[in-house]
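Quick notes on the structure that follows.
Excluded from the calculations below are hydrogen atoms, water molecules and symmetry mates; all remaining heavy atoms, backbone and side chain alike, are included.
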Amino acid sequence: MVTTSLTSYRLKSLDETIAQLSKDNCQLIAGGTDAMVQHKSPRGAPASFDKPIVFIDHLKELKGIATVNRDLHIGACCTYSEMLGHPLIPQIFKKAIKEIAAPAIRNRGTLGGNICNASPAGDMLPLLYLFNAKIRLQSARGERISEIRDFIQGPKKVERLQDELVADVILPDVPDGQTVVVFEKVANRRADAITKVSFAGLMRVEEGRISDARFAFGAVGPTMVRSIGIEQKLLGEASPLDPKVIDEIVADFDRIINPIDDQRSTAVYRKKVALNLLRYFLESGAKLP
């Protein structure tokens with residue numbers, strides 16, 4: 001059996017944890033469902049990390065869910081299961097959570113971990129982009145807020161500094177019941193499988209015209225694909241949408257969706273499915289009141 005030494009910390013409070021991060025370059029672990037896979041070692045050996053580990057999953061300061069004004073704050077270390085059982089979490093998020101892996105993983109995996117892993121196939125990311133999520137980071141120097149589209153810079157790449165941790169995720173001005181939001185995940189199985197393609201769409205119709213439209217695609221590029229410029233073309237359009245308008249929007253996304261081939265699917269399949277999901281949503285959304 002191969003043995004290695006590893007320094008790890010499980011500190012009592014958020015302040016102690018932040019103080020440790022300001023002293024040493026550490027690997028943060030919340031649920032560890034991805035980190036342990038990324039650092040796995042041969043059978044019989046502990047996972048191999050090249051720097052000290054700081055566990056944060058137990059910190060109560062990172063587990064609250066609350067509404068502040070009209071914004072929803074979700075602690076970064078809330079597990080999927082905790083979110084699933086909380087009354088403030090929007091139903092569309094619960095739909096997505098039910099399609100994440102198996103209950104054992106949902107009991108360990110966290111929202112903050114899903115964001116910091118920054119996988120293009122991250123299950124929660126399309127909805128977080130759709131809701132214009134903001135990331136609140138905390139360090140010994142204070143705190144700062146980052147838009148999720150700025151925070152996630154590529155596969156496994158985020159703009160978190162060494163001494164920072166993600167404290168919570170803010171969903172600003174959560175849409176009301178008059179706004180239609182959908183989430184679709186395409187994978188080999190309904191759950192416990194990594195996404196081939198995911199799509200989130202939002203549409204609001206007021207007095208027969210579209211007043212808000214948003215679309216986000218997962219697993220078809222290095223980060224989530226969203227274009228505010230294309231979305232704005234729909235504002236003021238009459239509902240139901242003219243087929244020519246739908247064709248134009250689909251063609252616009254056709255030009256910016258550039259998936260890759262990998263072990264889960266082909267680029268051709270991913271692009272076709274992504275555009276079909278968009279077209280179906282636009283056609284269905286046109287029937288909304």
Side-chain angles (χ1 to χ4, degrees), residues 1-42 45-66 68 71-83 86 100 104-119 122 124-125 128 133-171 223:
M1 177 183 292
V2 177
T3 60
T4 59
S5 62
L6 178 66
T7 302
S8 64
Y9 302 92
R10 188 178 178 86
L11 301 164
K12 292 181 179 178
S13 70
L14 178 60
D15 286 343
E16 290 178 90
T17 301
I18 287 175
Q20 179 60 40
L21 294 182
S22 67
K23 291 188 294 188
D24 201 357
N25 183 13
C26 298
Q27 167 78 47
L28 290 173
I29 290 190
T33 54
D34 283 312
M36 294 301 287
V37 173
Q38 292 163 13
H39 294 273
K40 66 182 178 182
S41 298
S48 175
F49 291 86
D50 57 4
K51 48 190 175 184
I53 291 173
V54 174
F55 292 99
I56 59 173
D57 60 303
H58 61 292
L59 296 174
K60 62 180 184 301
E61 298 97 325
L62 304 180
K63 296 182 77 70
I65 298 176
V68 180
D71 300 339
L72 180 61
H73 291 239
I74 307 172
C77 283
C78 286
T79 67
Y80 300 125
S81 295
E82 289 167 342
M83 292 173 63
H86 200 284
I100 295 174
I105 296 296
R106 295 200 288 266
N107 289 341
R108 290 294 306 165
T110 66
L111 184 61
N114 197 229
I115 292 169
C116 289
N117 193 40
S119 166
M124 300 304 294
L125 300 187
L128 292 174
K134 297 179 180 180
I135 312 301
R136 187 172 70 86
L137 296 116
Q138 201 163 338
S139 71
R141 295 172 285 107
E143 66 175 45
R144 66 183 177 93
I145 304 289
S146 177
E147 302 281 349
I148 192 167
R149 63 176 179 271
D150 299 325
F151 184 70
I152 295 178
Q153 300 179 334
K156 304 189 187 310
K157 185 178 180 183
V158 296
E159 63 157 8
R160 184 181 71 84
L161 301 177
Q162 174 187 316
D163 63 342
E164 292 179 318
L165 58 73
V166 174
D168 60 10
V169 180
I170 303 169
L171 303 183
T223 62

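Here the CZ-CG distance, from R149 to L125, works out to 14.5 Å after rounding to the nearest 0.5 Å. To the nearest 0.5 angstrom, Y80 atom OH is 6.0 Å from T33 atom OG1. Of the inter-residue distances, the one linking I135 atom CD1 with L111 atom CG reads 7.5 Å to the nearest 0.5 angstrom. With values rounded to the nearest 0.5 angstrom, I53 atom CD1 is found 4.0 Å from L6 atom CG. Here the CD1-CD1 distance, from I170 to I145, works out to 4.0 Å after rounding to the nearest 0.5 Å. With rounding to the nearest 0.5 angstrom, the CG atom of L28 is 10.0 Å from the CD atom of Q162.
Under 3.5 Å, the side chains of D163 and S22 contain no donor-acceptor pair of N or O atoms.
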Worked verdict on L72 versus I65 for side chain to side chain contact (heavy atoms under 4.5 Å, CB included): CA-CA 7 Å; L72 180 61; I65 298 176; 4.1 Å; yes

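Between T223 and Q153, the closest heavy-atom pair is CG2-C, 3.9 Å. Of all the heavy atoms in I152 and A118, the pair that sits closest is CG2-CB, 4.0 Å. Nearest heavy atoms, T79 versus N107: CG2-O, 3.5 Å. Minimum heavy-atom separation, L21 to C26: CD2-CB, 4.1 Å. Across every non-hydrogen atom of R160 and L165, the tightest pair is CD-CA, 4.2 Å. The minimum heavy-atom distance between R144 and E159, with the atom names listed, is NH2-O, 2.9 Å.
Contact check for I115 versus T110: no side-chain heavy atoms found under the 4.5 Å cut-off. The closest side-chain heavy-atom distance from S146 to L137 is below 4.5 Å. Between S139 and L161 there is no side-chain heavy-atom pair separated by less than 4.5 Å. Contact annotation: the side chain of E61 never approaches that of Q138 to less than 4.5 Å [non-hydrogen atoms, C-beta and beyond]. Between T17 and L11, some side-chain heavy-atom pair lies under the 4.5 Å cut-off. Side-chain contact between E164 and R141 is present, with heavy atoms from C-beta onward closer than 4.5 Å.
For K156, the NZ atom is densely surrounded, since the number of other residues' heavy atoms within 6.0 Å is greater than 12.
No donor-acceptor distance shorter than 3.5 angstrom exists from the side chain of K51 to the backbone of Q27, with no hydrogens or angles considered.
Salt bridge status for R108 with D57: present, with a side-chain N to carboxylate O gap under 4.0 Å.
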